[in-house]
Amino acid sequence: MPTFLIPALVVVGAVALAVVVIARRFVARQVAEGHNDVLVPIFLTAGTIYAVFLAFLVVAVWESYDAAHDNAAEEASTLATLYRASTGMEATSGGQMRVLIREYTEAVIHDEWPIQAASGGASPKARAAALGMYRLFGRIPPAVRQSDSAIEQAALRLIDQIQTDRNRRTLQAGESLPSIMWLASIGSGVLVLVLSFFLYMDRAWPQAMATSVLAALFALLLLITFVLSRPFVGPMALQPDAFEHSLSVYDTVDKTP
């Protein structure tokens, strides 16, 4: 449904001015004393209900967008923490862990992010590197595992957090606003605009301007909703900047004596 949302908004805004002028010809013949006194309260009630609904919708999609941003940042930050923690592990297993962390981070940036921006989903390379982190602990000799039990438990907790964040990010990349919400938001806006056509003013141009501004406001808020409803798609799509920053942290850790 969102594929034709923007053209629909353009049509609504462009047609609003013409419809007001045409509707006035009909309304002018039906106007009697008390006409606006009856219609104005109805229009205000409908407009208030739609304003509350639209405000709720915009806030909801913004919170969803912000949650996706925070989740990706947390995942990247936890990766950097795990990379630092791996320096405290036994030399061989710690080196293997750092290789897997780099492979996972690069797979997220170069493979998984484009997949999620296109259609949602996950990268097999990132999945393999993530599973490799768990399997690495199974190959650690028992003697080494007992001596490094504290750091290994901390590393496992960090890996669990990374996997939780990755699963949440994959789900967020495939989410979108339900079609019923688009139907309600666009349909209700059209109904409020149609109701404004039945108001009558002695001069046509003030009413035409007011209705056009109202249509433009509806279109702007719906456009914002459309852009924010898919956090990984569109002109405001989230970028893997946090993961690229983590790569620079890895380089700093490797250079630290």
Donor-acceptor pair, distance only, cut-off 3.5 Å: does the side chain of [X] make one with the backbone of [Y]?
{"X": "Arg230", "Y": "Glu175", "answer": "yes"}
{"X": "Thr81", "Y": "Ser77", "answer": "yes"}
{"X": "Asn167", "Y": "Gln163", "answer": "yes"}
{"X": "Thr225", "Y": "Leu221", "answer": "yes"}

Legend entry - Arg157 and Asp160 ion-paired at < 4.0 Å: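 So Arg157 does not pair with Asp160 through a salt bridge.
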
Margin query: For Arg102, is there an ion pair with Asp254 - N to carboxylate O distance below 4.0 angstrom?
Written below: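 Yes, charged N to carboxylate O under 4.0 Å.
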
According to side chain to side chain contact (heavy atoms under 4.5 Å, CB included), who are the partners of Thr45, at least two apart in sequence or on a separate chain?
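Scan of Thr45 (side chain to side chain contact (heavy atoms under 4.5 Å, CB included), adjacent residues dropped) gives Ile49.
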
So, using side chain to side chain contact (heavy atoms under 4.5 Å, CB included) as the criterion, who are the partners of Ala126 when residues are at least two apart?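 Tyr104, Ala107, Val108, Glu112, Ser123, Arg166.
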
Would you tell me whether [X] and [Y] have side-chain atoms, one donor and one acceptor, within less than 3.5 Å of each other?
{"X": "Asn71", "Y": "Arg168", "answer": "yes"}
{"X": "Gln96", "Y": "Ser93", "answer": "no"}
{"X": "Thr105", "Y": "Tyr250", "answer": "yes"}

Can you name the salt bridge (charged side-chain N to carboxylate O under 4.0 Å, His left out) partners of Glu103, sequence neighbours left out?
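In terms of salt bridge (charged side-chain N to carboxylate O under 4.0 Å, His left out), with neighbours along the sequence ignored, Glu103 is linked to no residue.
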
Self-check item: Between CD on residue Gln116 and OG1 on residue Thr170, distance to nearest 0.5 Å
Solution: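 Gln116 CD to Thr170 OG1: 5.0 Å, rounded to 0.5 Å.
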
I want to check something: taking the side chain as every heavy atom from C-beta on, are Ile224 and Trp62 in contact at a cut-off of under 4.5 Å?
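Heavy-atom side-chain distance check fails, nothing below 4.5 Å.
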
> Taking the side chain as C-beta and beyond, is there a heavy-atom pair between Leu54 and Leu222 under 4.5 Å?
Replying inline: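 Heavy-atom side-chain distance check passes, below 4.5 Å.
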
